[in-house]
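So the structure is just underneath, and the comments pick up after that.
Both backbone and side-chain heavy atoms feed into the values below; hydrogens, waters and symmetry mates do not. Residue numbers run from 1 in the order of the sequence given. First listed ligand is number 1; within each ligand, the first listed atom is number 1.
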Amino acid sequence: MLNIRCLNKIAEAGLAQFPQASYQFTEQAGAEDAILVRSADLKEMDFGAGLKAIARAGAGTNNIPTARCSEAGIVVFNTPGANANAVKELVLAGLLMSSRPVVPAIAWIESLGSAADLAQRVEQEKSRFVGTELKGKTLGVIGLGAIGILVANLAVELDMQVVGYDPYISVDAAWKLSRQVRHAESLEAVLKTADYVTIHVPLTPQTKNLIAASQLKLMKTGAVLLNFARGGLVQEDAVLAALAARQIRGYVTDFPSPALAGKRGVTLIPHLGASTEEAEENCAVMAAQELIDYLENGNIRNAVNLPDVVMERSGQARLCCFHRNVPNMLAHISGMISKQGINIENLLNRSQGEFAYTLVDVDTPAVEEIAATLRQQPEILRVRVIV
Ligand SMILES: NC(=O)c1ccc[n+]([C@@H]2O[C@H](COP(=O)([O-])OP(=O)(O)OC[C@H]3O[C@@H](n4cnc5c(N)ncnc54)[C@H](O)[C@@H]3O)[C@@H](O)[C@H]2O)c1
Ligand SMILES: O=C(O)CC[C@@H](O)C(=O)O
């Protein structure tokens with residue numbers, strides 16, 4: 001039996017992926033083979049020696065200590081794109097809420113209750129809630145990954161001018177982007193030209209406080225900043241100062257904090273970007289399938305600390321080695337196997353940065369001794385045998 005521990009509410013469709021004959025769910029810390037998580041913070045968590053993988057049912061992995069996981073031979077997965085449409089739709093709501101004051105207008109009408117002169121007061125006072133149109137305004141999109149692309153393309157459909165910035169854009173992403181999206185050479189160029197700026201980059205040590213006082217100063221007077229990516233990307237004190245100085249008109253964010261609560265110009269949403277039935281199901285199913293293929297076949301799809309490594313099963317056993325990306329590892333692993341007179345049926349090795357992963361299919365199930373010897377190597381972080 002393999003033990004799966006869920007640290008957040010995971011959609012039923014995802015949990016149903018795990019066959020009951022070979023998987024059980026546990027709440028016991030330290031007993032798990034794999035963890036399924038959404039936003040729970042694992043950064044200070046101790047991991048049991050048996051933990052082989054963590055899957056984030058979502059895009060951001062800043063709640064997972066990925067470097068520590070790699071050192072312990074734990075593969076960290078996420079579910080790229082699985083909730084992108086849900087976020088795109090909420091960004092649209094954010095754009096509409098910041099161009100048309102519908103939220104205060106609804107609050108006002110609710111405050112009137114069923115007053116007899118309701119219709120009359122509506123027509124008399126509605127001019128307090130005049131807005132502007134998105135059509136013709138410029139949207140700056142920072143980060144053109146799964147979400148940024150959808151937001152940029154949607155804005156083109158809304159007849160907005162769109163300017164995008166992503167120095168690391170993938171070729172695949174570039175193909176999906178509307179040709180009407182203008183390419184900005186720098187973050188500064190986006191900030192200077194946009195009426196609305198929306199951020200869609202991961203939170204990493206490099207992107208922390210991406211938008212701070214000096215970036216906010218570049219923004220057009222009266223512009224709106226939308227942050228559906230992570231709170232730490234925007235320096236809150238600087239945003240509050242920019243709002244107070246009327247440098248920017250609004251800050252719409254999916255990441256509330258005590259400092260932002262109740263402040264003029266701030267719209268707080270309780271981290272609902274991915275909270276649709278469809279996105280929760282997509283993420284849960286994708287995360288579960290990634291874990292199952294890794295636990296049962298050693299295959300890796302959508303890990304953040306290793307590249308994709310997928311090989312058809314052959315032979316009688318599979319050795320799965322998570323190791324450092326240093327010279328001679330492949331020669332060492334294959335040499336150890338051939339020294340025992342064992343035939344290698346198939347082998348696949350891929351690396352990403354400091355780490356690498358090797359799958360070896362062999363023609364005998366009797367490879368535990370080889371695995372035990374390989375585990376002695378300091379460069380080898382985890383060896384699993386799958387028969
Ligand atoms: N509000 C929510 O519920 C919610 C849901 C999903 C994702 N998110 C957040 O949104 C982020 C983006 O999600 P995604 O699915 O689009 O991820 P993604 O990996 O598909 O795209 C991220 C893009 O950011 C780009 N990028 C990285 N650093 C950059 C920089 N300094 N400047 C400009 N671009 C940069 C990358 O090249 C990549 O194209 C996630 O990391 C997560 O933090 C939030
Ligand atoms: O699980 C959620 O509700 C949020 C997920 C979101 O923050 C993500 O990074 O994908």
Side-chain angles (χ1 to χ4, degrees), residues 6-11 14 36-42 55-64 66 76-94 140-154 163-177 181 183-191 194 197-212 215 226-234 252-256 267-287 302-304:
C6 298
L7 294 177
N8 292 105
K9 194 170 177 302
I10 304 292
L36 259 173
V37 66
R38 283 172 64 178
S39 296
D41 192 344
L42 310 192
R56 163 68 152 115
T61 51
N62 56 299
N63 56 329
I64 301 171
T66 304
V76 179
F77 296 92
N78 71 348
T79 59
N83 56 24
N85 189 66
V87 182
K88 173 200 80 177
E89 291 186 5
L90 203 64
V91 173
L92 174 61
V141 184
I142 302 168
L144 295 164
I147 299 168
I149 288 174
L150 295 185
V151 171
N153 290 351
L154 176 71
V163 52
Y165 172 67
D166 188 334
Y168 320 107
I169 189 168
S170 70
V171 175
D172 264 4
W175 275 108
K176 291 181 191 149
L177 201 58
V181 175
H183 165 229
E185 294 290 346
S186 66
L187 178 59
E188 289 68 28
V190 175
L191 297 172
V197 173
T198 183
I199 313 168
H200 300 290
V201 307
L203 176 62
T204 64
Q206 291 73 38
T207 58
K208 190 169 167 26
N209 291 333
L210 184 74
I211 305 294
Q215 286 73 34
L226 300 106
N227 178 7
F228 287 80
R230 282 295 179 266
L233 295 163
V234 173
V252 183
T253 181
D254 211 12
F255 303 94
T267 303
L268 297 177
I269 301 170
H271 197 184
L272 289 182
S275 293
T276 64
E277 289 173 15
E278 295 87 342
E280 290 187 354
E281 194 167 307
N282 286 345
C283 290
V285 169
M286 195 167 170
N302 301 324
V304 296

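- Screening Leu233, Val163, Leu187 against Ile142 for a side chain to side chain contact (heavy atoms under 4.5 Å, CB included) leaves a single residue, Leu187.
- Remark: Asn8 engages no residue in a side chain to side chain donor-acceptor pair (under 3.5 Å) (not counting sequence neighbours).
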Are any protein N/O atoms closer than 3.5 Å to the N/O atoms of ligand 1? If there are, list each pair with names and the distance to one decimal place.
| from | atom 1 | to | atom 2 | distance (Å) |
| --- | --- | --- | --- | --- |
| ligand 1 | 1 (N) | Phe228 | O | 3.0 |
| ligand 1 | 1 (N) | Asp254 | OD2 | 2.8 |
| ligand 1 | 3 (O) | His271 | NE2 | 3.3 |
| ligand 1 | 3 (O) | Ala274 | N | 3.3 |
| ligand 1 | 16 (O) | Ala146 | N | 3.3 |
| ligand 1 | 16 (O) | Ile147 | N | 2.9 |
| ligand 1 | 20 (O) | Ala146 | N | 2.8 |
| ligand 1 | 37 (O) | Asp166 | OD1 | 2.8 |
| ligand 1 | 37 (O) | Asp166 | OD2 | 3.2 |
| ligand 1 | 39 (O) | Gly145 | N | 3.4 |
| ligand 1 | 39 (O) | Asp166 | OD2 | 2.6 |
| ligand 1 | 43 (O) | Ala229 | O | 3.3 |
| ligand 1 | 43 (O) | Arg230 | NH1 | 3.4 |

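- Atom 3 (O) of ligand 2 has as its closest protein heavy atom Arg38 NH2, 2.8 Å.
- Distances below 4.0 Å separate heavy atoms of Gly58 from the following atoms of ligand 2: 10 (O).
- Proximity of Arg56 to ligand 2 is established by a heavy-atom distance of less than 4.0 Å.
- Rounding to the nearest 0.5 Å places OG1 of Thr253 at 9.5 Å from NE2 of His271.
- Looking at Arg230 next to ligand 2, an N or O pair under 3.5 Å apart turns up.
- Checked against side chain to side chain donor-acceptor pair (under 3.5 Å), Asn62 has the following partners two or more places apart in sequence or in another chain: Arg230.
- Nearest protein heavy-atom neighbour of atom 7 (O) of ligand 2: His271 NE2, 2.8 Å.
- Looking at residues two or more places apart in sequence or on another chain, you find a salt bridge (Lys or Arg N to Asp or Glu O under 4.0 Å) between Arg38 and Glu280.
- Ile199 contributes atom CD1, which lies 5.0 Å from atom CD1 of Ile211 (distance to the nearest 0.5 angstrom).
- Nearest heavy-atom pair, Ala279 versus Ala274, reported as atom, atom and distance to 0.1 Å: CB-O, 3.4 Å.
- Atom NE2 in His183 sits 10.0 Å away from atom CG in Leu177 (nearest 0.5 Å).
- Between His200 and Phe228, the gap from one ring centroid to the other reaches at least 6.0 Å.
- Atoms OG and CG, on Ser275 and Asp254 in that order, are 8.0 Å from each other to the nearest 0.5 Å.
- The protein atom (non-hydrogen) at minimum distance from atom 10 (O) of ligand 2 is Ala59 N, 2.6 Å.
- Near Gly60, the atoms of ligand 2 lying under 4.0 angstrom from a non-hydrogen atom of the residue are 8 (C), 9 (O), 10 (O).
- Every atom of ligand 2 is numbered from 1 in the order shown, and the set under 4.0 Å from a heavy atom of Asn83 is 8 (C), 10 (O).
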